[in-house]
Amino acid sequence: MDGNTSGEDGNDIDWNTEDELEIDNFTLSSSSSLTVPGGEPVVGCGESSSSPGPSNSKVVDHFIGMGFSGKMVAKAIQEHGEENTDSILETLLTYSALESSPQAQQQVDCNPCSSDNEGSFLDDFSDMDSFSDNEEIINPTSEKEKKMLSLVNMGYTVEEASIAIERCGLDSTVVELTDFIFAAQMARAEDVNFPLEEKPRPNHAYKKRKLLEYEMLKKKRQMRLGNQTTGEDDETVHLPNPMVGFGIPSEPCLKTQRNLPEGARGPPYFYYENVALAPKGVWTTISRFLYDVQPEFVDSKYFCAAARKRGYVHNLPLDNRFPLIPLPPNTIHEAFPLTRKWWPSWDTRTKLNCLQTCIASAKLTERIRKAIEDYDGEPPLGVQKYVLDECRKWNLVWVGRNKVAPLEPDEVEMLLGFPKNHTRGISRTDRYKSLGNSFQVDTVAYHLSVLREMFPNGINLLSLFSGIGGAEIALHRLGIPLKNVVSVEKSAVNRSVVRSWWEQTNQRGNLYDLDDVQQLNGDSLEHYMNLFGGFDLVVGGSPCNNLAGSNRHHRDGLEGKESSLFYDYFRILDLVKCIMSKNN
DNA sequence: TTTAGGATGAAGTCAAGC
DNA sequence: GCTTGACTTCATCCTAAA
């Protein structure tokens, strides 16, 4: 398969449903003709009331007779006048539906994209602005109602929508209104005194906009799955024991075939990574968003001398995987033979624990030295336990008599499969941090190895949360030419590491490095995809800060400040799938 | 301002024992 | 089945020194 060609797997996917439009157009009345971002009018599909408006109380009786409350009917008539029965009915149906079940009104087929609608991408909220503007032109008398509909369609209550419009003004865009509501919601959630009168600060606007995207994505997901997802958030994804995924080099044939859900089939191939030991429900959510693909949980201790329990969600084939050669050292003593001389018999470790972003201090190693130096032979069991606990916790190795030490950065590089001195040149603290947040290259390469036969002429890669380029290095070491790489990484230090590696390895392709996944929208993606014909692979390991057990302060799950960027991975992947589907 | 050191547990998995 | 304890965890915040 050529790098620029699309696979056939995705051809049977129904890409044609007007998903975004269905999300936006919650209205139940056929009388509602709205203009969408692409400029095409969309007509609702519900029943309409086209009968001429009867006069006075007959209108009230008419709607009360249909089952609406008198109060609701009066309010609707007050808003639209007795003659405008279509609008009255539309409002009544909306209010009624919202009172019963807002979610129930969104039972629509929600395909990931609208292939006929130019520019109608989920991330592009300027579309929503224009949506409002167009409404204003078409039907200025119902502007408030339409804006309320847009807001309640996003999951806000009628009360929240009404207050937002009242406080921000009728001229406000939908985005401004949602920003306002989010500011209030966040303030309530954090129990912070955030007066409703206070307009959201500009520097918070983008964050709240992201949260809006997240809410919409969640709804989109719920709609796609229908009632199946209701109440299933606590469903636990069980971790395999042993954690060997679908196979490891020493046991490669555990599973070679699987039936991917239809929505997961490429193009492009995708590969997502995060910590396996995340709070309950996280992997269920990740799996649901990523097209119901079951995660592959792998501990990198089966690939190298250090544990690294990670979950990988991908749509790659499973057969004919092969490991990177040479195989990395598999035990501590193989990796660090000089430690063997000083290693006490009562330290039975053969593997290191997970390599993290911080290391033990010199004072701790000094305390350990003092704790054991008084004993000529083996220290008492209590001392042994203290020392072993600290050694396991901080991944200490024996470097002298009674002397333990943390791993040096270049040793961490080696264990994780990076080239020697890959991160050299940045501060020691940054090296540990960047390495601790990176892929284990051999593990990732084993999964990606199936791409080598498919892309002999090279690959176009979209690398999100690139870090220090673990995915790029894995592909390079696999012998897969990197034709075009769009690498998105927030840290300038990490970007410089990847750029330096790119130049030192004499890559013939093109590296485009960007700094913020949140600013990667449909337009920029289309730009790059038109430039070189689409992406073959979308890789990303979004921040784990709020998922990792080591985080004592903000282990907030996928709703955490950093870890919520997972939804940007999904958003961008979904956009790429949409654009590629549209272009084929 | 940058860098490094030190103090700070909870949440979850797993195996053993009952 | 349940309980218990051992074990593990891509970290954050504050302070001091350079």
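Throughout, protein chains are lettered first and strands after them, A, B, ... in sequence-line order, and every chain is numbered starting at 1. It should be emphasised that the depicted structure is a prediction, and the values quoted were computed from it without experimental measurement.
- Among the protein residues, A:Ser434 comes within range of no part of the nucleic acid, since none of its heavy atoms lies under 4.0 Å from any strand.
- Taking atom CD1 on A:Ile359 and atom P on B:dT3, their separation rounds to 15 Å, with Å as the unit.
- In terms of position along DNA chain C, the nucleotide closest to A:Asp389 lies nearer the 5' end than the nucleotide closest to the other residue of the pair A:Asp389 and A:Arg310.
- No donor-acceptor pair closer than 3.5 Å links the side chain of A:Asn484 to the backbone N or O of A:Asn460.
- Partners of A:Trp342 by ring pair (Phe, Tyr, Trp, His ring centres under 6.0 Å), not counting sequence neighbours: none found.
- A donor-acceptor pair shorter than 3.5 Å can be found between the side chains of A:Asp442 and A:Gln440.
- Counting non-hydrogen atoms under 4.0 angstrom, A:Asn546 reaches nothing in the nucleic acid.
- Listed by first then second residue, pairs satisfying side chain to side chain donor-acceptor pair (under 3.5 Å) with a partner in residues 312-333 of chain A read A:Arg258-A:His314, A:Glu296-A:His314, A:Glu296-A:Arg321, A:Asn330-A:Lys351, not counting sequence neighbours.
- For A:Pro240 and A:Ser361, each mapped to the nucleotide of DNA chain B holding its nearest heavy atom, the one lying further toward the 5' end belongs to A:Ser361.
- Per the geometry, NE2 belonging to A:His553 stands 11 Å off C1' belonging to B:dA10, to the nearest Å.
- For the pair A:Lys309 NZ and B:dC14 C1', the computed distance is 11 Å after rounding to whole Å.
- The ring pair (Phe, Tyr, Trp, His ring centres under 6.0 Å) test applied to A:Phe439 returns no partner, not counting sequence neighbours.
- Rounded to a whole angstrom, the distance from the C1' atom of C:dT8 to that of B:dG9 is 13 Å.
- A donor atom on one side chain and an acceptor atom on the other are found under 3.5 Å apart for A:Arg431 and A:Thr423.
- In this view, A:Tyr528 and A:Tyr512 satisfy the ring pair (Phe, Tyr, Trp, His ring centres under 6.0 Å) rule, not counting sequence neighbours.
- For the pair A:Ala362 and A:Ala548, both in contact range of DNA chain B, the more 5′-proximal nearest nucleotide belongs to A:Ala362.
- Rounded to an integer number of Å, the gap from A:Met243 CE to B:dT13 C1' is 9 Å.
- Counting non-hydrogen atoms under 4.0 angstrom, A:Asn353 reaches the backbone sugars and phosphates but no base.
- Checking A:Asn494 against A:Ser434 by side-chain atom types alone, a donor-acceptor pair falls below 3.5 Å.
- Rounded to whole angstrom, the span from the CZ atom of A:Arg555 across to the C1' atom of B:dT8 amounts to 16 Å.
- Looking at heavy-atom distances under 4.0 Å, A:Arg428 makes contact with sugar-phosphate atoms alone, never a base.
- A:Asp299 has its CG atom 13 Å from the C1' atom of B:dT13, to the nearest Å.
- In DNA chain B, runs of at least 3 consecutive Watson-Crick or G-U pairs, each pair with both distances below 3.5 Å, span B:1-8 with C:11-18, B:10-18 with C:1-9.
- Read 5' to 3', the first and last nucleotides of DNA chain C with an atom closer than 4.0 Å to a heavy atom of chain A are C:dC7 to C:dC13.
- Atom CG of A:Asn551 is separated from atom C1' of B:dT8 by 11 Å (rounded to the nearest Å).
- Within the 3.5 Å criterion, the main-chain N or O of A:Gly467 finds no donor-acceptor partner in the side chain of A:Arg495.
- If you find the closest nucleotide of DNA chain C to A:Leu352 and to A:Asn545, the one lying nearer the 5' end belongs to A:Leu352.
- Among the atoms of the strands shown, only primed sugar atoms or phosphate atoms (P, OP1, OP2) are found under 4.0 Å from some heavy atom of A:Cys354.
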- Message: Evaluate A:Arg428 against A:Tyr432 for side-chain hydrogen bond (donor to acceptor under 3.5 Å, both in side chains), listing each step before the verdict.
- Response: CA-CA 6 Å; A:Arg428 187 177 165 90; A:Tyr432 283 118; 3.3 Å; yes

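- If you take CD1 of A:Ile426 and P of B:dT2, they are 15 Å apart, rounded to a whole angstrom.
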